[in-house]
Amino acid sequence: MSQDDLTSKQKDYAVFLPAISGFYATFVGKQQVNNDYVDPARFPQGQPTKLTDMDQMNWLDAQKALFPYKWSLYSGGHANLDLTKEDASENMVRKRDPNTVMLGDSGGFQIAKGLWEGDWKANSGCPKAQKKRESVLKWLDSISNYGMGLDIPTWVIHDKKASDACQIKTLDEAVAATKFNNEYFIKNRKGKNEGGAKFLNVLQGDNHTSAEEWYQEMKHFCDPNVYPDRHFDGWGMGGQNMCDVHLILKRLVALRYDNLLQEGKHDWMHFLGTSKLEWAVLLTVIQRAVRKYVNPSFTISFDCASPFLATANGQVYFENVFPHDEKWSYRMAPSADDKKYATDTRPWAQGVVADGIYPRWQDSPISDMLQMKDICIYKPGDLNKIGKEGKTSWDSFSYALLMGHNVYMHITAVQEANRRFDAGEHPAMMRYSAPTHELFEDIVERIFAAPTREEAEAIIESYDKYWMEIVGTRGFKGKKAKNANTMFNSLFSVDEPEEEEDTDFDTTALDDLENNA
């Protein structure tokens with residue numbers, strides 16, 4: 001079997017982390033312990049590659065994967081946190097290759113939505129909240145290389161349903177609750193020298209003012225002088241911090257001069273829910289500048305659930321595009337879903353283009369072995385797993401196959417964008433439209449090369465108009481992004497590039513697939 005080794009192609013780019021869906025992981029893990037979880041007769045047998053083992057779809061398996069890739073994110077929000085019991089559906093994460101890198105998300109979104117019940121205010125003494133706090137920390141310490149602190153997202157205070165669910169009503173309460181969780185994590189973490197996870201200090205805030213207040217209240221959790229040997233080990237960028245370039249650059253300069261980007265102590269920064277393709281290059285530029293001037297071991301990562309949620313909504317990536325000085329994007333559209341294809345043996349790429357479903361098709365190692373009938377499995381009159389004739393021609397494994405295709409397309413888009421950037425091509429967003437037409441990387445170079453904090457901050461402020469041109473990862477732009485009380489309904493978003501819309505990552509869309517297909 002030939003492999004497309006995406007790990008070896010990563011180079012010095014900011015690292016994209018596929019936010020693994022529990023639906024997808026279940027197929028990988030359960031097939032490992034039960035060879036009939038998916039009937040092997042259901043495996044695609046196209047050319048030149050055949051699917052013979054579900055681990056071929058597990059990019060964390062360097063030996064068997066069709067496209068090995070060593071980085072991922074997994075959220076405690078939909079994980080089985082009880083590590084005392086075997087759970088095959090979690091094997092992709094729990095029994096992964098030790099050479100892979102896993103970022104564990106703590107699941108603060110579940111708190112905000114009331115899915116983790118309890119009064120989460122600081123010192124509330126709520127038994128339910130405390131039990132979840134303990135289990136999340138143990139889980140992160142066991143499965144993660146890096147774990148996110150258990151933060152309370154600031155959008156909660158603008159959403160009455162959310163604030164009622166977790167009893168957090170004000171910014172001060174969100175800050176106090178997060179500080180309480182951070183203190184618990186620092187006191188009770190296993191410790192990286194004892195085999196535990198490293199932890200990221202999550203920064204929230206829904207505008208520049210609240211983000212600054214949050215930083216000032218939280219920064220000491222990363223300070224080795226305050227917490228020798230137990231301090232947090234890097235930064236998680238949430239809220240306005242992950243979608244506003246102006247704020248990101250200000251924060252990095254502050255971290256530099258507050259001595260909180262030290263090599264060996266603060267080597268990782270993660271951006272939550274970042275799905276716009278141009279940001280893959282933008283974050284690489286920032287990472288390289290920090291490595292050059294501050295911390296040579298510094299790494300930026302970013303995640304999104306787009307490949308999984310898109311498939312759950314019937315959307316499949318068909319190509320990635322990189323026109324010079326224009327918008328770069330992944331392109332996705334509704335896929336073939338018709339019972340007439342249930343006996344169609346044409347190669348997938350041939351069929352979807354010939355029938356006008358897509359104008360073009362870019363193959364992945366998974367789609368390369370598909371025939372039309374491998375996705376559109378149900379014939380007219382066929383009953384699905386709940387004994388009904390559904391409208392869709394897909395079964396649950398159809399979704400899993402196309403999720404794997406979408407993951408490959410997203411990773412390769414990120415890597416190809418960086419390769420093209422290094423070859424001298426640019427997305428429009430990274431060129432200032434003012435008469436100078438300066439490039440983003442040249443401006444960032446000037447900021448980090450500045451000899452003092454004051455000069456670096458002055459350079460940032462002098463480009464205020466340019467920062468307003470850069471579309472944030474949530475679709476916000478300009479003063480709206482800088483000053484509004486932006487309200488986010490999810491830690492994850494899916495970018496549908498042609499329409500530039502963001503869609504909430506609601507796991508119920510994935511959970512329902514097994515029953516409805």
Side-chain angles (χ1 to χ4, degrees), residues 1-10 16-74 87-102 307-308 310-312 316-317 335 345 347-349 361-377 394-415 510 513-514 517:
M1 179 191 72
S2 62
Q3 294 179 307
D4 188 356
D5 186 355
L6 301 185
T7 298
S8 67
K9 296 180 178 180
Q10 179 58 26
F16 168 63
L17 308 181
I20 300 171
S21 149
F23 174 88
Y24 187 88
T26 295
F27 279 91
V28 173
K30 288 196 173 182
Q31 193 73 13
Q32 290 174 345
V33 299
N34 178 5
N35 287 333
D36 293 327
Y37 182 74
V38 178
D39 184 351
R42 179 72 179 82
F43 287 179
Q45 298 296 302
Q47 298 296 332
T49 305
K50 301 179 188 297
L51 189 68
T52 59
D53 186 333
M54 276 300 296
D55 281 321
Q56 290 172 263
M57 295 176 60
N58 177 9
W59 56 87
L60 297 174
D61 187 328
Q63 301 304 312
K64 294 182 179 180
L66 291 167
F67 53 96
Y69 187 71
K70 66 183 273 187
W71 300 272
S72 283
L73 175 143
Y74 196 57
D87 185 344
S89 67
E90 301 274 310
N91 281 359
M92 186 174 174
V93 174
R94 292 187 183 184
K95 298 185 177 182
R96 61 187 173 87
D97 185 326
N99 294 313
T100 57
V101 177
M102 185 67 64
F308 302 101
T311 316
V316 177
Y317 293 55
S335 191
T345 59
W348 176 262
W361 178 262
Q362 184 175 330
D363 256 325
S364 71
I366 292 177
S367 69
D368 195 40
M369 59 185 166
L370 295 177
Q371 297 175 347
M372 296 295 288
K373 67 182 182 66
D374 292 321
I375 299 301
C376 302
I377 191 71
W394 295 10
D395 67 359
S396 55
F397 191 52
S398 302
Y399 287 91
L401 289 167
L402 292 176
M403 285 177 181
H405 163 80
N406 279 357
V407 169
Y408 175 87
M409 290 291 288
H410 202 106
I411 297 171
T412 54
V414 166
Q415 294 184 336
L510 302 177
L513 291 181
E514 183 68 30

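For reference, positions follow the sequence shown, starting with 1.
- No side-chain N or O of Asp97 forms a donor-acceptor pair with one of Thr100 less than 3.5 Å apart.
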As a quick check of understanding, evaluate side chain to side chain contact (heavy atoms under 4.5 Å, CB included) for Phe308 and Asn406, giving each step before the final call.
CA-CA 7 Å; Phe308 302 101; Asn406 279 357; over 6 Å; no
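- Ion pair Lys9/Asp4 flagged as a salt bridge, since at least one NZ, NE, NH1 or NH2 atom sits closer than 4.0 Å to an Asp/Glu carboxylate oxygen.
- Tyr69 and Asp5 share no donor-acceptor pair across their side chains, judged by distance under 3.5 Å alone.
- Using a 4.5 Å cut-off on side-chain heavy atoms (C-beta onward), Ile375 and Trp348 make contact.
- Counting only N and O atoms by type, the side chains of Ser398 and Arg42 include a donor and acceptor under 3.5 Å apart.
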I'd like to know whether Met369 forms a side chain to side chain contact (heavy atoms under 4.5 Å, CB included) with Asp374, so could you lay out the CA-CA distance, the side-chain angles of the two residues, the decisive distance to 0.1 Å, and finally the verdict.
CA-CA 9 Å; Met369 59 185 166; Asp374 292 321; over 6 Å; no
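- Checked by atom type and distance alone, the side chain of Glu90 never pairs as donor or acceptor with a backbone atom of Ala25 at under 3.5 Å.
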Using the rule given for side chain to side chain contact (heavy atoms under 4.5 Å, CB included), can you reason through Thr345 versus Met372, listing the C-alpha separation, both sets of side-chain angles and the distance that settles it, and then say yes or no?
CA-CA 6 Å; Thr345 59; Met372 296 295 288; over 6 Å; no
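- For the residue pair Trp59 / Ser72, a side-chain donor-acceptor distance below 3.5 Å is found, with atom types taken as modelled.
- Of all heavy-atom pairs spanning Gly22 and Tyr74, the tightest one is CA-OH, 4.1 Å.
- A donor-acceptor distance shorter than 3.5 angstrom exists from the side chain of Gln415 to the backbone of Leu6, with no hydrogens or angles considered.
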Working note: Ser396 + Phe27, criterion side chain to side chain contact (heavy atoms under 4.5 Å, CB included); need CA distance, chi angles, decisive distance, verdict.
CA-CA 10 Å; Ser396 55; Phe27 279 91; 3.7 Å; yes
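- When only modelled atom types and interatomic distance are considered, Asp363 and Trp361 share a side-chain donor-acceptor pair under 3.5 Å.
- One finds the CE atom of Met57 at 13.0 Å from the CG atom of Asp61 (value rounded to the nearest 0.5 Å).
- Although no hydrogens or angles enter the test, the distance criterion places a donor-acceptor pair under 3.5 Å between the side chain of Gln31 and the main chain of Asn35.
- Across every non-hydrogen atom of Phe23 and Ala400, the tightest pair is CE2-N, 4.1 Å.
- In this structure the side chain of Met102 never reaches within 4.5 angstrom of the side chain of Trp71, judged on heavy atoms.
- Under the 4.5 Å side-chain criterion, counting only non-hydrogen atoms from C-beta, Pro347 is not in contact with Gln371.
- To the nearest 0.5 Å, the span separating OH on Tyr399 from OG on Ser335 amounts to 10.0 Å.
- A side-chain donor-acceptor contact under 3.5 Å links Gln56 to the backbone of Asp53.
- Looking only at side-chain heavy atoms (C-beta outward), Phe397 and Ile377 stay at 4.5 Å or farther from each other.
- Contact annotation: the side chain of Ile411 approaches that of Val407 to within less than 4.5 Å [non-hydrogen atoms, C-beta and beyond].
- Interatomic distance, OG1 of Thr49 versus CD1 of Ile366, reported as 10.5 Å (0.5 Å rounding).
- Tyr37 and Gln32 are not linked by any side-chain donor-acceptor pair at a separation below 3.5 angstrom, with hydrogens and angles left out of the test.
- Side-chain atoms of Leu60 and Lys70, non-hydrogen and from C-beta on, never get closer than 4.5 Å to each other.
- Between Tyr24 and Thr311 the shortest side-chain heavy-atom distance does not fall below 4.5 Å.
- Ala62 approaches Pro68 most closely through the heavy-atom pair O-CG, 3.8 Å.
- Proximity of a side-chain donor or acceptor of His405 to a complementary backbone N or O of Tyr317 within less than 3.5 Å is detected.
- In terms of heavy-atom proximity, Leu402 sits nearest to Trp394 at CD1-CH2, 3.4 Å.
- Going from atom CD of Gln45 over to atom CG of Leu51 covers 7.5 Å, rounded to the nearest 0.5 Å.
- The aromatic ring centroids of Phe16 and His410 lie less than 6.0 Å from each other.
- Looking at heavy atoms from C-beta onward, Ile20 lies in side-chain contact with Val93 at the 4.5 angstrom threshold.
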